[in-house]
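Data first, discussion second: the structure below is written as structure tokens.
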Protein chains: 2
Amino acid sequence: MTRYSRQTRMLVAIDCIIFGFDGQDLKLLVIKRGFEPEKGKWSLMGGFVQPDEGFEEAASRILKVLTGLEGVYMEQLFAFGNPDRDPMERTISVAYFALIDINAYRQQLSEEYRAEWISLSKLPRLIFDHAEMVAQAQARLRYKAAIHPILFELLPQKFTIPQLQILYEAVYDTVFDKRNFSRKVLSTGLLVKQKDKERASSKRGAFYYKLDKRKYSAKFHAFLNFVADPGKLN
Amino acid sequence: MTRYSRQTRMLVAIDCIIFGFDGQDLKLLVIKRGFEPEKGKWSLMGGFVQPDEGFEEAASRILKVLTGLEGVYMEQLFAFGNPDRDPMERTISVAYFALIDINAYRQQLSEEYRAEWISLSKLPRLIFDHAEMVAQAQARLRYKAAIHPILFELLPQKFTIPQLQILYEAVYDTVFDKRNFSRKVLSTGLLVKQKDKERASSKRGAFYYKLDKRKYSAKFHAFLNFVADPGKLN
DNA sequence: CAGTTAATTGTATAATTGACATTTAATTGT
DNA sequence: ACAATTAAATGTCAATTATACAATTAACTG
């Protein structure tokens, strides 16, 4: 058994773009990098792919270490391979983006990494090509959320329609008509009205809704057109 | 300057899923592999990423070697990183899919690789995880072509509406209503009617159309809804 | 109990989609 | 010359969906 000689081997990293929603703004989970190069600078959470590890596996491991969470929504975003993206040594990075319920996040587990939720509008400079990764992830989020019901992954199990609308408005940085918005989301048949109300943010209170899990799984990949043409906004 | 020690370096390959359309069927350009392992078996065209080469660059290089073509439509599909996808040595692969006008393909340049166009419906067994790559590329093509005008990349500069319809029907393996189809594509404003006709395939002849390049560039990323919900077909 | 706030619900119009048939241009055979 | 044939091009109606816009209701506050 010969091996592929004369070919260059490279480091393979995973970087995670982790989105959260605090009820007002879209946020990103970033850390202060703990090792050289760029030690102490803001960075995405990442790590190297291990010898017997696939990409999904590696991404899940990294996400778990940082957030303590498993089974969260995650998808491969893009593989970044610019030869000089890491000044130290040729390193390619497979970026994953994840959507998590910010309330389920356990801060204590990640003290070690000095992780922080930062609003997308107030991001500091990030190392390497991480800003590009974030921009691309945000574009993908907008693209995908226009067609598929993925934003529910950012909300707790019980949520109100006004909360959902604030989320959509944060993602697209625009405002939607209340009446048309609720009609649209209700018409998907994905929501189940609860009997209790959320009472913190208004006098009248807004009814909670939950996802109909069966229909959600079934329609997750269907084309639902939540937003007509996200490219035309802004 | 220390390097990242204790981390495994891996081979990084590019594999190209190259689609073409012969007027009837969607085809894939595959080669007989010229080296071990799996020498002589059907394979996607690929190669290793070189030390000073980015992914796009590498993919373009590989595509050029096989087809002689430059400037063709290409996008990153997915990074495949299963630990045992290549039995010889840990190799990750960044897959690109490309759409080319099959008529512009220069066969002579690739004699060396024994390349062949094979209908998607008659694909032989492919090495490694290449079949999975093809399946994923086909899914992406269907997904994307439902929303964006990418299928024009498979046609020559001048084409007729019936030809375009046959292409869409091949991609979605279904039939569309002639009247509604032409109304839909013409309503995009992307097509410019020519004065001459294609006369080979009918007595009356069908008018040629060309893409309005300005509008095509402008609307390439817009949501145009060519196919309502590709998931619901089949 | 009046005033305030935000949730909920409704309606009319325009635009788009989907189903369906007829007319037209050009060739072929008589 | 003309009838037959073939596939292209075009038109209409009903149903659905999108958009713009306003009134009502529940629950708290003073």
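So that the names make sense, note that chain A is the first sequence line, chain B the second, and so on, each numbered from 1. Atoms considered below: every heavy atom in the structure, side chains included; atoms not considered: hydrogens, waters and symmetry mates. All figures in this text were calculated on a predicted structure; none of them were measured in a lab.
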Please report the interatomic distance CG(Asp25(A)) to CD1(Ile102(A)), rounded to the nearest 0.5 Å. 9.5 Å

So what does Ser182(A) hit on the nucleic acid, given a heavy-atom distance under 4.0 Å: a base, only sugar-phosphate, or nothing? base

As a test of understanding, state which of Ile17(B), Leu99(B), Leu77(B) forms a side-chain contact (heavy atoms from CB on, under 4.5 Å) with Leu141(B). Leu99(B)

Residues forming a side-chain hydrogen bond (donor to acceptor under 3.5 Å, both in side chains) with Arg199(A), sequence neighbours excluded: none

All stems with DNA chain C, defined as three or more consecutive Watson-Crick or G-U pairs under 3.5 Å: C:1-30 with D:1-30

If I take atom CZ in residue Phe207(A) and atom C1' in nucleotide dT9(C), what distance separates them, rounded to the nearest angstrom? 13 Å

Could you check whether any side-chain N or O of Lys219(B) sits under 3.5 Å from a backbone N or O of Thr188(B), counting only pairs where one atom can act as donor and the other as acceptor? yes

Whole angstrom is fine here: how far is it from CD in Gln163(A) over to P in dA6(C)? 15 Å

Check side chain to side chain contact (heavy atoms under 4.5 Å, CB included) between Lys41(B) and all other residues, then give those that pass, not counting sequence neighbours. Glu38(B), Ile127(B)

The criterion is salt bridge (charged side-chain N to carboxylate O under 4.0 Å, His left out); which residues satisfy it with Lys144(B), sequence neighbours excluded? Glu75(B)

Check: residues 153-161 of chain B side-chain donor-acceptor pairs under 3.5 Å, at least two apart:
unit_1: Glu153(B); atom_1: OE2; unit_2: Tyr216(B); atom_2: OH; d: 2.7
unit_1: Lys158(B); atom_1: NZ; unit_2: Asp196(B); atom_2: OD2; d: 2.5
unit_1: Thr160(B); atom_1: OG1; unit_2: Gln163(B); atom_2: N; d: 3.1

Between dA9(D) (C1') and Tyr208(B) (OH): distance, integer Å: 17 Å

Residues in salt bridge (charged side-chain N to carboxylate O under 4.0 Å, His left out) contact with Lys27(A), at least two apart in sequence or another chain: Asp22(A)

Using nucleotides 25-30 of chain C, report all nitrogen or oxygen pairs with the protein that are shorter than 3.5 Å.
unit_1: dA25(C); atom_1: O4'; unit_2: Arg204(B); atom_2: NE; d: 3.1
unit_1: dA26(C); atom_1: O3'; unit_2: Lys203(B); atom_2: O; d: 3.4

Looking at His148(B) and Ala222(B), would you say the former's side chain and the latter's main chain have a donor-acceptor pair under 3.5 Å? yes

More than 12 non-hydrogen atoms from neighbouring residues, nucleotides or ligands closer than 6.0 Å to NE2 on His221(B), yes or no? no

Side-chain-base donor-acceptor pair under 3.5 Å for Arg179(A) and dA22(D): yes

Asp101(B): partners by salt bridge (charged side-chain N to carboxylate O under 4.0 Å, His left out), with sequence neighbours left out: none

Rounded distance (Å) that lies between atom P of dT5(C) and atom NZ of Lys178(A): 13 Å

Under 3.5 Å between N/O atoms: give me all the protein pairs with nucleotides 12-19 of chain D, atom names plus distance.
unit_1: dT19(D); atom_1: O4; unit_2: Arg183(A); atom_2: NH2; d: 3.2

Side-chain donor-acceptor distances from residues 202-215 of chain A under 3.5 Å, at least two apart:
unit_1: Ser202(A); atom_1: OG; unit_2: Gly205(A); atom_2: N; d: 2.9
unit_1: Asp212(A); atom_1: OD1; unit_2: Arg214(A); atom_2: N; d: 3.2
unit_1: Asp212(A); atom_1: OD1; unit_2: Lys215(A); atom_2: N; d: 3.2

Phe181(B) atom CZ is separated from dT10(D) atom P, nearest whole Å, by 15 Å

So which protein N/O to nucleotides 14-16 of chain C N/O distances come out below 3.5 Å?
none

Comparing Leu186(A) with Ser201(A), nearest DNA chain C nucleotide closer to 5' gives the residue Ser201(A)

Going by the rule salt bridge (charged side-chain N to carboxylate O under 4.0 Å, His left out), which residues pair with Glu132(B) if we only count those two or more places apart in sequence or in a different chain? none

In whole angstrom, what separates Asp177(A)'s CG from dT11(C)'s C1'? 13 Å

